[in-house]
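Comments concern the structure below.
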Amino acid sequence: MATALYINQTQILAVTVGGNARKPRLKGVTTGALAEARTEDGAVVVDRTKHLADQITAFLKANRLGSGHKILLVGPDAMRYRELRLAFSDRRQIDKVIQFQVEGAIPSVPIEDLAVGYSILSSDSSGSRVLVMAADKDYIRKRLDALEMAGVGVDSVDCNLSGTLNLGLLHEELSAEKPATLWLDFAGTTAAVSLLSEGKVLSTRVFVSPYVAGAGGAAPTAEQSKAQLKQLEAQAIGSAQQAPRDEYVLLTGEPERDDTDSGNEPATLPAADTANVGLPKNESVNLGAQQVADRIRKMSREELLKFVGRVAAEARRSLYMMRLEVPVQRLVVSGLGPEGEHLAAALANELQLENYCAIDLMDTVNPVERDGERSVRTPDLGEITFLTGVALKGLGRDFTGVDYRTGDLAAGTLFDYAKTPLAFTATLVFLFAGIMFLVAYTQVQSLERATTDLLVMPNDLQLYFGQAFKNMDKSKLSAKEKQELVYPVIEGEPAAEIRAVAKRLEDHQKKLRGDVVTDHPIPHRADVIVSDIIGALKDGQPSYDFALVKIDVNQDMASVTFFASTSETAEEISKRGGKREDLRMVDALKKLMAAKPEVYDGEPQPASGTAKGVRNGDRVANEMRLNLKLQKVKEPARTPAARPGGSK
Amino acid sequence: MAAEKEGSNAMTAYIVICFLLAGAAGVGYKLKMDQREELAQDYPRLYALTQKIGQELSYNINRYYLLVRDDVIKPINLETKAQTPSQLVEIAELQKLRDTQGPEDQIDIQVAPKMTDKRNYMEYQVEVKLKNVTLGQWEAYITEVENRMFKYAWITDLRIDRTDQRYDKISEMERENSDGSLWNVTFTLRWFGPPKSVARPAQ
């Protein structure tokens with residue numbers, strides 16, 4: 001289901017269609033009056049968009065039109081049509097130049113104020129003929145804003161001519177099987193003349209329909225009317241021959257002076273003609289077929305002749321402009337209601353066509369039932385065919401492919417709406433990050449310069465490096481040793497250079513101190529281990545009965561033998577921490593081993609061959625022998641090794 | 001229209017590029033700040049290092065060579081190492097340890113170092129035996145050896161044995177440090193030198 005919406009100054013119209021693109025069906029036509037934008041006390045409403053949005057909301061709610069696709073119709077009063085001839089037919093190329101072409105074709109309106117759509121009428125190797133349909137962007141935007149405020153998502157926006165073609169070409173009388181046809185469609189105060197062949201639209205033009213001439217003052221006599229018609233016809237033929245490439249018809253009542261000045265044919269109807277029809281602009285949007293028929297019925301013979309002649313002139317004009325190789329064989333008239341058949345006959349006679357018929361475009365979507373009534377009763381609206389044709393877009397039928405819901409009129413996704421603030425934010429973030437980067441970069445540069453300066457300030461390292469070895473006797477040095485006395489230059493890396501200088505001097509100093517060994521394993525220093533063991537035994541608070549007998553240290557193990565008293569009094573034990581002497585000594589040695597894991601491995605292990613309860617007078621002791629395992633001495637790796645911390 | 005689409009795409013591209021550039025700048029900023037942090041932390045260390053080079057290392061090394069030049073200290077070299085046995089004898093004489101025959105003999109020093117070829121280096125060993133010495137004597141001897149030779153030599157395989165190991169023979173100390181026991185002490189002094197191919201015969 002799809003609904004086409006049309007909003008003018010006084011009314012809002014909606015046409016809903018269902019079915020599918022091949023067999024569409026009219027579901028309903030609803031109209032609603034738009035209240036004047038005034039408050040209850042008569043003051044003008046300031047926020048007109050909200051005022052309109054509120055009324056749209058109420059209208060849609062009242063008529064239950066909330067669901068389905070929504071298409072907005074751009075009325076004829078906001079449209080400008082131009083036919084352009086271009087030297088190419090590729091859409092991408094046309095897209096590139098169309099704006100510039102339209103700017104030249106419609107000089108009176110800034111191109112920024114126009115939403116441009118186009119349809120390729122014909123194309124061949126020499127180029128293409130393009131029908132440009134330019135809509136007033138502000139007209140569309142105001143309505144879109146109100147619709148969006150009302151919570152209506154508009155899928156696309158299209159114009160009246162698109163709607164007419166979309167609907168009309170569904171009619172069997174305009175089908176591809178029919179011979180070349182001249183199709184005249186009247187809707188409201190506008191009419192469209194199209195040339196069809198094999199289901200294709202070869203040309204189409206829109207002009208102000210003169211069927212109500214006379215209502216506001218017709219030609220005074222039949223002779224004058226005829227003369228005027230002849231003049232118009234001659235004018236049309238002449239201009240068609242002079243400027244066939246840039247034909248257009250403007251629907252406004254004012255002539256486009258710019259076009260006239262530029263030498264193009266002023267295809268707009270002269271202002272006098274528009275004045276003659278006597279229709280105020282807002283009336284042009286609400287004139288149904290029945291009203292048209294009624295007006296025609298009230299025309300005098302002269303007025304009718306003038307009407308027929310004027311329309312025929314427009315039709316001939318189209319034919320001349322097209323220079324059709326295929327002769328037009330039939331005439332189809334639509335939009336004239338009950339008077340259509342008579343006028344079709346008159347027009348066919350004027351155009352010297354024998355085959356003619358009058359049709360109602362709504363037949364395809366709202367056919368007449370057996371009882372002579374249409375399945376959906378519709379009000380008499382001039383725009384019903386536009387709206388129905390445009391609504392078909394929602395079902396997938398789109399003959400022209402025109403959609404103004406693009407660019408700045410496009411339905412905004414969240415990203416689209418966020419683009420501008422995002423771009424602003426992105427710029428700010430980029431600038432901020434860039435500035436921060438530059439600040440950091442500058443600081444790094446500054447620190448790097450300062451580090452480089454350290455090579456000479458406050459101490460000239462090269463000078464000091466040389467000074468260190470100034471008094472050294474270099475006569476007996478090997479080549480390798482001499483190489484170590486060369487100042488290490490590291491280009492571009494001052495920090496590494498400083499470290500290298502320091503390391504070289506430190507290594508040299510260590511070597512002078514005897515701290516550096518490079519090519520042999522570092523043995524355990526037995527004297528240090530003996531000293532450690534004796535120190536540990538002292539920490540064990542030996543009694544007067546304690547006696548150290550032996551300490552044997554090799555590279556794998558330290559063995560210690562001693563007599564530990566078992567004849568200490570309770571008071572003595574208490575004074576020495578509450579443990580017996582043998583336990584105190586074991587604990588002390590354990591502590592030593594734990595404190596120097598780089599030297600000792602594990603805990604003291606008791607060895608065999610000891611004695612218990614040996615006596616010396618009153619003194620009684622246990623002989624104890626403990627083995628302290630040492631860490632394995634490793635062969636040096638290729639890299640220099642330093643002495644272990646436990647060694648001197 | 002295509003032009004409008006292109007404009008919209010250009011805007012999208014601009015936003016993406018801006019964010020990408022901002023991201024790159026952000027990453028660059030982070031990296032530079034890390035570098036800056038590192039440099040800022042390094043700078044005082046490097047400054048201290050230059051100070052150390054100028055006022056400590058250079059000075060110390062130069063002073064060492066001045067002392068060597070003036071014969072105040074002797075550098076550790078192959079010659080120094082070769083004199084190790086004679087140094088040990090000299091220390092024993094200084095400690096008044098008797099090197100005689102019979103029960104009066106207190107010290108045995110192996111005059112010719114035992115050499116072991118370890119392929120990448122040479123290992124030299126001298127065995128020293130102290131006999132019937134008091135704890136104070138062997139402590140003093142070992143301490144002096146260590147003081148003179150710690151730069152290049154290691155005391156390894158040290159064994160200290162009380163001469164009388166029976167408990168009933170060990171008398172109680174009358175007071176602290178009054179132990180008059182005698183000890184037999186054996187140790188090996190070990191040092192290293194370059195491989196045999198470059199070693200001098202004197203070692």
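Bear in mind that the values here come from a model prediction, so they are computed numbers and not experimental data. Just so we're on the same page: letters track the sequence lines, and every chain starts at 1.
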**Report entry** Test side chain to side chain contact (heavy atoms under 4.5 Å, CB included) applied to A/Thr451 and B/Asp42, step by step
**Finding:** CA-CA 9 Å; A/Thr451 307; B/Asp42 259 7; over 6 Å; no
Can you see which heavy atom on [X] is nearest to which on [Y], and at what distance?
{"X": "A/Ile534", "Y": "B/Trp138", "value": "CD1-CH2, 4.1 Å"}
{"X": "A/Glu448", "Y": "B/Leu39", "value": "CG-CD1, 3.6 Å"}
{"X": "B/Lys151", "Y": "A/Leu512", "value": "NZ-O, 3.9 Å"}
{"X": "B/Gly26", "Y": "A/Ala433", "value": "N-CB, 4.0 Å"}
{"X": "B/Cys18", "Y": "A/Ala426", "value": "CB-CB, 3.4 Å"}
{"X": "A/Arg525", "Y": "B/Phe150", "value": "NH2-O, 2.9 Å"}

Interatomic distance, [X] atom [atom1] to [Y] atom [atom2] [nearest 0.5 angstrom]:
{"X": "A/Asp552", "Y": "B/Leu158", "atom1": "CG", "atom2": "CG", "result": "8.5 Å"}
{"X": "A/Phe437", "Y": "B/Leu31", "atom1": "CZ", "atom2": "CG", "result": "8.5 Å"}
{"X": "A/Asp453", "Y": "B/Leu46", "atom1": "CG", "atom2": "CG", "result": "12.5 Å"}
{"X": "B/Ile160", "Y": "A/Asp527", "atom1": "CD1", "atom2": "CG", "result": "11.0 Å"}
{"X": "A/Tyr464", "Y": "B/Lys52", "atom1": "OH", "atom2": "NZ", "result": "16.0 Å"}
{"X": "B/Arg69", "Y": "A/Met472", "atom1": "CZ", "atom2": "CE", "result": "14.0 Å"}

Shorter than 4.5 Å, heavy atoms on both sides: which option in [options] has the most such pairs with chain B?
{"options": "A/Gly434, A/Ala450, A/Pro494, A/Gly466", "answer": "A/Ala450"}
{"options": "A/Leu431, A/Leu447, A/Thr420, A/Leu438", "answer": "A/Leu447"}
{"options": "A/Asn554, A/Val444, A/Val530", "answer": "A/Val444"}
{"options": "A/Gln443, A/Arg91, A/Lys470", "answer": "A/Gln443"}
{"options": "A/Ala468, A/Ala526, A/Ala621", "answer": "A/Ala468"}

Part of [X] lying under 4.5 Å from any heavy atom of chain A:
{"X": "B/Ala24", "result": "neither"}
{"X": "B/Ile142", "result": "side chain"}
{"X": "B/Tyr43", "result": "both"}

Report task. Please step through side chain to side chain contact (heavy atoms under 4.5 Å, CB included) for the pair A/Leu422 and B/Phe19, ending with a clear verdict. Result -> CA-CA 9 Å; A/Leu422 260 180; B/Phe19 274 119; 3.8 Å; yes
Query - Donor-acceptor side-chain pairing of B/Tyr14 and A/Thr427 below 3.5 angstrom - result: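 There is such a pair (donor and acceptor under 3.5 Å, judged by atom type) between the side chains of B/Tyr14 and A/Thr427.
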Query raised in the report: Have B/Asn62 and A/Gln467 got a donor and an acceptor in their side chains that come within less than 3.5 Å?
Result: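 Side-chain D/A pair, B/Asn62 to A/Gln467: absent.
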Just wondering, are more than 12 heavy atoms of other shown residues or ligands nearer than 6.0 Å to [atom1] in [X]?
{"X": "B/Glu90", "atom1": "CD", "result": "yes"}
{"X": "B/Arg63", "atom1": "CZ", "result": "no"}
{"X": "A/Lys474", "atom1": "NZ", "result": "yes"}
{"X": "A/Tyr487", "atom1": "OH", "result": "yes"}
{"X": "A/Gln93", "atom1": "CD", "result": "yes"}

Query raised in the report: Going by the angle between their ring planes, with limits at 30° and 60°, are A/His520 and B/Phe192 parallel, tilted or perpendicular?
Result: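 Judged by the thresholds at 30° and 60°, the geometry between A/His520 and B/Phe192 is parallel.
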**Report entry** A/Phe562: ring pair (Phe, Tyr, Trp, His ring centres under 6.0 Å) partners, not counting sequence neighbours
**Finding:**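 Only A/Phe546 meet the ring pair (Phe, Tyr, Trp, His ring centres under 6.0 Å) criterion with A/Phe562.
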Report task. Quick one: which of B/Asn60, B/Val68, B/Asn120, B/Ile73 has the most heavy-atom pairs under 4.5 Å with chain A, could you say? Result ->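 Highest number of heavy-atom pairs under 4.5 Å: B/Asn60.
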Query raised in the report: Of all of B/Tyr121, B/Phe187, B/Tyr65, B/Tyr59, which one pairs up most often with chain A through heavy atoms under 4.5 Å apart?
Result: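 Highest number of pairs under 4.5 Å: B/Tyr65.
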Side chains of [X] and [Y]: closer than 4.5 Å at any heavy-atom pair?
{"X": "A/Phe430", "Y": "B/Ile17", "value": "no"}
{"X": "B/Tyr47", "Y": "A/Leu454", "value": "yes"}
{"X": "A/Lys419", "Y": "B/Ile15", "value": "yes"}

Report task. Take B/Tyr64 and A/His508 through the ring-ring contact (aromatic ring centres under 6.0 Å, His included) test and state the conclusion after the steps. Result -> CA-CA 11 Å; B/Tyr64 174 87; A/His508 194 86; 8.1 Å; no
Query raised in the report: Taking it one step at a time, do A/Lys550 and B/Arg159 satisfy side chain to side chain contact (heavy atoms under 4.5 Å, CB included)?
Result: CA-CA 7 Å; A/Lys550 181 164 68 177; B/Arg159 181 190 173 103; 3.4 Å; yes
Query raised in the report: Hey, mind stepping through A/Ile498 and B/Thr50 against side chain to side chain contact (heavy atoms under 4.5 Å, CB included) and telling me if it holds?
Result: CA-CA 7 Å; A/Ile498 292 168; B/Thr50 60; 3.9 Å; yes
Query - Part of A/Ile529 lying under 4.5 Å from any heavy atom of chain B - result: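 Neither part.
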